[in-house]
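Just below is one structure, and these are the notes that go with it.
The basis for the numbers below is simple: all heavy atoms, side chains too, and nothing from hydrogens, waters or symmetry mates. Heads up: numbering here begins at 1 and tracks the sequence.
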Amino acid sequence: MNENAVSLIISVFALIIVIIALISKNSNKTEEAPVLSSNRFDAIPLQLQAYERLAILCERIALPNLISRTSQPDLSARAMQTLLIEHIKQEFEYNASQQIYVSPVIWEYIRNLRDQNILLVNQVANILPQDAGAKDLNKQLVEIIMNQQEAALHTIVLNALNFEAKKLMK
């Protein structure tokens with residue numbers, strides 16, 4: 001492995017550790033998602049639906065899932081990079097309205113997942129040779145995700161979504 005790949009892996013691990021720390025810190029708080037009084041409007045079903053949609057978003061922008069859904073082996077690595085980033089951005093924008101139903105902490109996790117996936121795609125694409133193909137980019141991305149000793153970032157965000165949604169159901 002070259003130095004760029006090693007530094008990329010170290011950066012991803014550091015980010016995962018920070019997110020785990022944030023999740024554990026925030027899980028100790030008793031912050032509830034805001035709910036309007038029940039005589040005016042019952043927001044819990046809408047909030048649960050938002051958590052469900054954001055869980056689907058996390059699954060759709062998880063790099064292994066995104067790669068398997070969008071893979072086009074005949075593309076160049078740069079074209080595949082653009083395709084992956086556009087899909088991440090579109091999925092995020094499509095679900096941006098859900099932020100009004102979830103806690104600010106959860107929305108920050110979702111934004112971090114989007115940003116980190118885009119950063120990872122860009123960093124891996126930048127270390128590949130100019131003549132690399134989409135297969136090369138996809139292979140490197142999947143290898144990095146699979147080599148993470150801790151849970152993948154999308155799994156951590158999914159666990160946080162699950163935790164908060166269960167708090168609403170109690």
Side-chain angles (χ1 to χ4, degrees), residues 8-71 80-81 83-124 138 140-170:
L8 176 64
I9 291 171
I10 291 171
S11 299
V12 170
F13 286 135
L15 175 68
I16 289 173
I17 291 170
V18 168
I19 289 177
I20 289 172
L22 285 173
I23 289 173
S24 64
K25 175 183 170 188
N26 288 319
S27 67
N28 293 335
K29 295 180 180 178
T30 57
E31 177 183 328
E32 296 279 331
V35 178
L36 299 175
S37 67
S38 61
N39 59 356
R40 286 187 53 211
F41 182 69
D42 189 10
I44 291 177
L46 293 174
Q47 290 173 310
L48 289 173
Q49 184 180 29
Y51 283 106
E52 179 181 318
R53 282 189 58 186
L54 291 176
I56 293 169
L57 168 67
C58 286
E59 288 293 346
R60 289 186 60 80
I61 68 172
L63 289 177
N65 298 340
L66 183 60
I67 288 168
S68 68
R69 214 175 48 252
T70 62
S71 183
M80 189 67 196
Q81 172 189 12
L83 181 66
L84 291 171
I85 290 171
E86 283 305 310
H87 275 272
I88 292 169
K89 287 178 179 179
Q90 286 173 359
E91 291 288 343
F92 179 82
E93 289 168 4
Y94 180 75
N95 290 286
S97 64
Q98 301 307 305
Q99 68 183 298
I100 64 174
Y101 299 108
V102 298
S103 71
V105 172
I106 285 295
W107 187 248
E108 185 64 25
Y109 292 164
I110 298 293
R111 286 188 17 225
N112 282 340
L113 176 61
R114 175 203 59 191
D115 295 345
Q116 290 306 310
N117 281 354
I118 291 172
L119 176 68
L120 184 61
V121 169
N122 285 332
Q123 285 183 332
V124 171
N138 294 343
Q140 286 285 5
L141 288 168
V142 171
E143 282 179 8
I144 289 171
I145 299 296
M146 295 305 178
N147 287 332
Q148 292 176 342
Q149 293 178 2
E150 299 294 323
L153 184 56
H154 70 274
T155 304
I156 294 168
V157 174
L158 282 169
N159 288 338
L161 284 166
N162 188 22
F163 176 78
E164 284 213 4
K166 285 182 180 177
K167 284 192 323 187
L168 279 176
M169 292 186 281
K170 288 185 179 181

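Within the 4.5 Å cutoff, side-chain heavy atoms of Thr70 are placed close to those of Met80. Using a 4.5 Å cut-off on side-chain heavy atoms (C-beta onward), Ile61 and His154 make no contact. Between Tyr51 and Ile106 there is a side-chain heavy-atom pair separated by less than 4.5 Å. Ile44 has its side chain within reach of Leu48: a pair of non-hydrogen atoms, C-beta onward, lies under 4.5 Å apart.
In this structure, Glu59 and Asn65 approach most closely via the heavy-atom pair O-ND2, 2.8 Å. When all heavy atoms are compared, the tightest approach of Val157 to Leu113 is CG2-CB, 4.2 Å. Counting all heavy atoms, side chain and backbone alike, Ala55 lies closest to Leu158 at O-CD2, 3.6 Å.
Every residue was checked against the side-chain contact (heavy atoms from CB on, under 4.5 Å) condition with Ser68, not counting sequence neighbours, and none meets it. For Glu108, the salt bridge (Lys or Arg N to Asp or Glu O under 4.0 Å) test picks out Arg111, with sequence neighbours left out.
Of the inter-residue distances, the one linking Gln47 atom CD with Glu52 atom CD reads 14.0 Å to the nearest 0.5 angstrom. The distance from atom CE of Met169 to atom NZ of Lys166, rounded to the nearest 0.5 Å, is 7.0 Å. Taking CG of Leu83 as the start and CD1 of Ile88 as the end, the distance is 10.0 Å to the nearest 0.5 Å. Rounding to the nearest 0.5 Å gives a distance of 11.0 Å between SG of Cys58 and CD1 of Ile156. Atom NZ of Lys89 sits about 13.0 Å away from atom CG of Asn117, to the nearest 0.5 Å. For the atom pair His87 NE2 and Leu66 CG, the distance stands at 7.0 Å (nearest 0.5 Å).
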Ignoring hydrogens and angles, write down the donor-acceptor pairs under 3.5 Å from the side chains of residues 90-99, residues two or more places apart or on other chains.
unit_1 : atom_1 : unit_2 : atom_2 : d
Glu91  : OE1    : Arg60  : NE     : 3.0
Glu91  : OE2    : Arg60  : NE     : 2.7
Glu91  : OE2    : Arg60  : NH2    : 2.8
Asn95  : OD1    : Arg53  : NE     : 3.2
Asn95  : OD1    : Arg53  : NH2    : 3.1
Asn95  : ND2    : Glu91  : O      : 3.0
Gln99  : OE1    : Trp107 : NE1    : 3.3
Gln99  : NE2    : Ala96  : O      : 3.1

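Here the side chain of Asn138 pairs no donor or acceptor atom with the backbone of Ile67 at under 3.5 angstrom.
The one candidate from Leu120, Asn122, Val121 that meets the side-chain contact (heavy atoms from CB on, under 4.5 Å) condition with Ile118 is Asn122.
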